[in-house]
*Asks:* 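The following block contains the structure, expressed as structure tokens.
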Amino acid sequence: MTLNKLRNIGIAAHIDAGKTTVTERILFFTGINRKMGEVHDGQATMDFMKQEQERGITIASAAISTSWNDHSINIIDTPGHVDFTIEVERSLRVIDGMVALFCAVSGVEPQSETVWHQADRYKVPRIAFVNKMDRSGADFYGAIEQMNEYLDANAVAFQMPMGYEENFAGIIDLFEMKAHTFDDTSRYINEIPEEHLEKAQELRGSLIEKLAEFDEELMELFFEEKEIPAELLKKVARFATLKLLITPVFTGSAYKNKGVQMLLDAVVDFLPSPIDVGAIVGQNVDDEEKTCTRNPSIKDPFSALAFKLINDPYVGQQTFIRIFSGQLESGMPILNTTKGKKERIGRIFRIKAKEREEIKNAGPGDIVALVGLKSTKTGDTLCQIDSPILLENIHIPPPVIEMKILPEKLKDQEKLGIALSKLVNEDPSFNVRFDEETFETIVAGMGELHLEIIIDRLKDEFKVDVIVGEPSVSLRETFTVEKTGRHRFAKQSGGKGQFAEIEFRIEPNHGNGFEFVDQIKGGSIPNEYIPSVKKGILKTLEEGVLAGYPVVDVKVVLIDGKFHPVDSSDYAFQACASILFKECFMKAQPVLLEPLMKIEINTPDDYIGNVVGDMNKRRGKIESMRRYRKGSQKLNGFVPLMEMFGYATSLRNVSSGRANYSMEFNRYEPVSKQVQEKVLKEVAEKKRLRDGK
């Protein structure tokens, strides 16, 4: 198979838009499955985790390979729930094109916006599929309007539906101007019925007018009102899609088997091959200022990105990779440039959801799973040993919610530790830390559902029963003014002493994380101890200063210091840096930061006052409203996560069970003075009880 006949695509959308159902239908119509799995009865091929089947949602992105019209298609089905946004993020990093799904009733939902902006960041060409046209309240043109208004999608209808809701009879292809109708497994192509012809001609005119902007030949034919061949239209449409100038919109009802074959045609016709995407650019390992490229060719050196790890009970740890260039063979030695370590390839598998097929080699564009890698984690670059390259890593959002866990049986402590380390390897948005003072294990994730799934997996997969504490918000610490300080660390206890003296300045570094600047002149601190200073600061950032929460957004400028030729050591400079940082931090007007969530509430008009009033009590702020459907509104705003525990029950009460909501992490914001005082008081009380005072 040639590379221009390969498509690596992701299917992404808001929860309940029908992603997994669409994928199941694709697998049926491409011959992978003999029968169609359903989400509601727990039989979906792509939702093979026990937790996915119980909840009827996708949790982990699943990969599968299939073919259509002489083209190979690798599909990644991603979750729609915001708690698993890392799965979408890492999938978008390795796919070439995306199918964005929208529910014809709900239109653009919050997670649709999140996924769309993630795809913008990676410049992924995409097509849109407006699903569920058979549902009550379906509105194809309304969905396109919302895509343009809220996503700036430049969405253009490439098809039109014939009827709505229970009268949804089929789809008109605006390129060939033919009507497609469907039964359970077949489609039929006929002339367009008279009652739909005028609307179809009007939409085709709009389509041609839009595409004429991107091609002179098409523009001439359009102005001269000559017949335009469908092939020319498709060629220009493909160009505009790949350049992200337009978003083609298709439609159907996956559950009723209408429009899926046409969507597959669109994937082949309009989404890119690895050849269209072209060379990938990475960093030169020997010189950070320089870049190097790898073409999607078997002749270029091997390069790939690891984007997912899973623990398989039969073969052990599987590392999913996307190959960008060169050829990979089992037994081949490779380099992990992110870690600076060599690896050896064990077995290579092509994955078909939970099934796998062992292969001897893989090439550019392939998405495969490797067994036998020891050091590789999500986001690591793998490459040929003699041609190193470092590819862009995967953006990992910070965890916002945490809880304490401990094993029910003390003898399971080690077992729990092993299980948690495997889960952290799989999911970079899941964090674990051990509190040395309280001897408690604290897990942190993207939301309550995320941690609930983790606890379920500990019990089901790893056979560790745990006692779980109440979830709490994962706060951060920072400071608001610049401060300079100097500290001398000197200890003498007979024999060799410990000596270090440091002067540095700390500056707020809002939104830019940690930055360390070395301005030492004249060797007042030897080069060998500069990393020790940085290490001491980093350790303190992790432990926190004000209330034991991680410190973020800090710039440290190392100015001066002193050393002793005998008594100075790595330990002395680490300890000195830690003490000085704490002193400066406490004088720099420290503040606690809390996660601020972006929230969208869908509510009938009758309950808007109740919903807004309840949100105000939670320190939330509604910033805009827009029409959801007749008699309903979407309220958009921001609210501190700290105030949102138990909100689902409260919203049911104030809306008689008729409103629903979704929220996602937006940013960290300083807490109010009153909230800060309350949190610090609670921390002090816990410390007092722990110390027995």
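All values below were derived from every heavy atom in this structure, side-chain atoms included, with hydrogens, water molecules and symmetry-related copies excluded.
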*Asks:* I'd like to know if Lys243 and Asp276 make a salt bridge, using a cut-off of under 4.0 Å between side-chain N and carboxylate O.
*Replies:*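 Not counted as a salt bridge, because no side-chain N and carboxylate O are separated by less than 4.0 Å.
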*Asks:* Does the pair Asp120 and Arg126 meet the rule for a side chain to side chain contact (heavy atoms under 4.5 Å, CB included), with working shown?
*Replies:* CA-CA 10 Å; Asp120 281 342; Arg126 67 214 78 156; 2.9 Å; yes
*Asks:* Taking the side chain as everything from C-beta on, heavy atoms only, tell me whether Leu328 gets closer than 4.5 Å to Asn361.
*Replies:*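 With C-beta onward as the side chain, the pair stays apart.
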*Asks:* Kindly give the heavy-atom pair with the smallest separation between Leu242 and Phe270, and that separation in Å.
*Replies:*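 Looking at all heavy atoms of both residues, the closest pair is CD2-O, 3.4 Å.
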*Asks:* Are Phe462 and Leu423 packed together at the side-chain level, in the sense that at least one heavy-atom pair is separated by less than 4.5 angstrom?
*Replies:*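 Yes, close enough: below the 4.5 Å cut-off.
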*Asks:* Decide, yes or no, whether a salt bridge links Glu402 with Arg433 under the criterion of side-chain N to carboxylate O below 4.0 Å.
*Replies:*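 Yes, Glu402 and Arg433 are salt-bridged.
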*Asks:* How would you list, by chain and number, every residue that makes a salt bridge (Lys or Arg N to Asp or Glu O under 4.0 Å) with Asp269, sequence neighbours excluded?
*Replies:*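 Partners of Asp269 under the salt bridge (Lys or Arg N to Asp or Glu O under 4.0 Å) test: Lys234.
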*Asks:* Hey, are Asn295 and Ser297 close enough side-chain-wise for a donor-acceptor pair under 3.5 Å?
*Replies:*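 There is no such pair between these side chains.
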*Asks:* Quick check: closest heavy atoms across Lys360 and Ile348, and the distance to 0.1 Å?
*Replies:*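 Closest pair (atom of Lys360, atom of Ile348, distance): O-CD1, 3.7 Å.
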*Asks:* Check the pair Ile405 / Leu458 against side chain to side chain contact (heavy atoms under 4.5 Å, CB included), numbers first and verdict last.
*Replies:* CA-CA 11 Å; Ile405 62 168; Leu458 283 173; 4.1 Å; yes
*Asks:* Around Ile467, counting heavy atoms of other residues, nucleotides and ligands shown, do more than 12 lie under 6.0 Å from its CD1?
*Replies:*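 It does: Ile467 CD1 has more than 12 such atoms within range.
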*Asks:* Side-chain contact, heavy-atom cut-off 4.5 Å: Phe320 with Leu309?
*Replies:*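 No. Closest side-chain heavy atoms not under 4.5 Å.
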*Asks:* Any side-chain heavy-atom pair from Val260 and Phe28 closer than 4.5 angstrom?
*Replies:*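 The answer is no, as the side chains (C-beta and beyond) never meet within the 4.5 Å cut-off.
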*Asks:* What verdict does the side chain to side chain contact (heavy atoms under 4.5 Å, CB included) test give for Thr441 and Gln413, after you've listed the backbone C-alpha separation in whole Å, the side-chain angles of each residue and the deciding distance to 0.1 Å?
*Replies:* CA-CA 10 Å; Thr441 300; Gln413 185 70 50; 4.0 Å; yes
*Asks:* Hey, are Ser578 and Thr540 close enough side-chain-wise for a donor-acceptor pair under 3.5 Å?
*Replies:*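 Judged by distance alone, the side chains do pair up.
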*Asks:* Please step through side chain to side chain contact (heavy atoms under 4.5 Å, CB included) for the pair Leu420 and Phe430, ending with a clear verdict.
*Replies:* CA-CA 9 Å; Leu420 288 173; Phe430 171 62; 3.9 Å; yes
*Asks:* Taking C-beta and beyond as the side chain, do Leu541 and Pro550 meet within less than 4.5 Å on heavy atoms?
*Replies:*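 No, too far: nothing below the 4.5 Å cut-off.
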*Asks:* Assess the residue pair Ser72 and Ser67 against the criterion (side chain to side chain donor-acceptor pair (under 3.5 Å)); give the C-alpha distance rounded to whole Å, side-chain angles, the decisive distance to 0.1 Å, and a yes or no.
*Replies:* CA-CA 4 Å; Ser72 287; Ser67 58; 6.0 Å; no
*Asks:* Any salt bridge linking Arg322 with Asp96? Criterion: basic side-chain nitrogen under 4.0 Å from a carboxylate oxygen.
*Replies:*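 A salt bridge is present here (some side-chain N lies under 4.0 Å from a carboxylate O).
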*Asks:* Tell me yes or no: between the side chains of Asn4 and Ser273, is some donor less than 3.5 Å from an acceptor?
*Replies:*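 Side-chain D/A pair, Asn4 to Ser273: absent.
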*Asks:* Are side-chain heavy atoms of His450 and Asp427 found at a separation under 4.5 Å?
*Replies:*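 Yes, close enough: below the 4.5 Å cut-off.
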*Asks:* Please evaluate residues Lys5 and Asp70 with respect to the criterion salt bridge (Lys or Arg N to Asp or Glu O under 4.0 Å), reporting the C-alpha separation (whole Å), side-chain torsions for both, the decisive distance (0.1 Å), and the verdict.
*Replies:* CA-CA 7 Å; Lys5 291 198 170 183; Asp70 198 27; 2.6 Å; yes
*Asks:* For Val268, is there any backbone N or O sitting under 3.5 Å from a side-chain donor or acceptor partner on Arg7?
*Replies:*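 Yes; judged by distance alone, with no hydrogens or angles, the pair exists.
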*Asks:* Side chains of Gln574 and Asp570: any donor to acceptor distance under 3.5 Å?
*Replies:*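 Per modelled atom types, Asp570 and Gln574 side chains form a pair under 3.5 Å.
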*Asks:* Under a 4.5 Å cut-off applied to non-hydrogen side-chain atoms, are Leu451 and Val443 in contact?
*Replies:*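 Leu451 vs Val443: side chains touch.
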*Asks:* Counting neighbours of CD on Glu414 that are heavy atoms of other residues, nucleotides or ligands and sit closer than 6.0 Å, is the number greater than 12?
*Replies:*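 No, CD of Glu414 has 12 or fewer neighbouring heavy atoms, counting only those of other groups under 6.0 Å.
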*Asks:* Is it the case that over 12 heavy atoms from other parts of the model lie below 6.0 angstrom from the CG atom of Asn527?
*Replies:*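 No - once you tally the heavy atoms of other residues, nucleotides and ligands closer than 6.0 Å, there are 12 at most.
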*Asks:* What are the two closest non-hydrogen atoms of Val267 and Ile73, and how far apart are they?
*Replies:*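 Nearest pair, atom of Val267 first, then Ile73: CG1-CD1, 4.2 Å.
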*Asks:* Could you pull out all donor-acceptor pairs under 3.5 Å where a side-chain atom in residues 334-344 meets a protein atom, sequence neighbours excluded?
*Replies:*
unit_1: Asn336; atom_1: OD1; unit_2: Thr338; atom_2: N; d: 3.0
unit_1: Asn336; atom_1: OD1; unit_2: Lys339; atom_2: N; d: 2.9
unit_1: Asn336; atom_1: ND2; unit_2: Thr376; atom_2: OG1; d: 3.2
unit_1: Asn336; atom_1: ND2; unit_2: Asp380; atom_2: OD2; d: 3.0
unit_1: Thr337; atom_1: OG1; unit_2: Ile389; atom_2: O; d: 2.8
unit_1: Thr338; atom_1: OG1; unit_2: Thr381; atom_2: N; d: 2.9
unit_1: Lys339; atom_1: NZ; unit_2: Asp380; atom_2: OD1; d: 3.3
unit_1: Lys339; atom_1: NZ; unit_2: Asp380; atom_2: OD2; d: 2.8
unit_1: Glu343; atom_1: OE1; unit_2: Lys374; atom_2: N; d: 2.8
unit_1: Glu343; atom_1: OE2; unit_2: Lys374; atom_2: N; d: 3.2
unit_1: Glu343; atom_1: OE2; unit_2: Ser375; atom_2: N; d: 2.7
unit_1: Glu343; atom_1: OE2; unit_2: Thr376; atom_2: N; d: 3.0
unit_1: Glu343; atom_1: OE2; unit_2: Thr376; atom_2: OG1; d: 2.9
unit_1: Arg344; atom_1: NH1; unit_2: Gly331; atom_2: O; d: 2.6

*Asks:* Report yes if the side chains of Arg93 and Glu392 come closer than 4.5 Å at any heavy-atom pair, otherwise no.
*Replies:*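 Contact flag for Arg93/Glu392 side chains = yes.
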*Asks:* Under 6.0 Å between the ring centres of Phe250 and Phe129?
*Replies:*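 Centroid distance Phe250-Phe129: not below 6.0 Å, so no.
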*Asks:* Indicate the ring-plane relationship of Phe102 and Trp116, choosing parallel, tilted or perpendicular according to the 30° and 60° boundaries.
*Replies:*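 Tilted.
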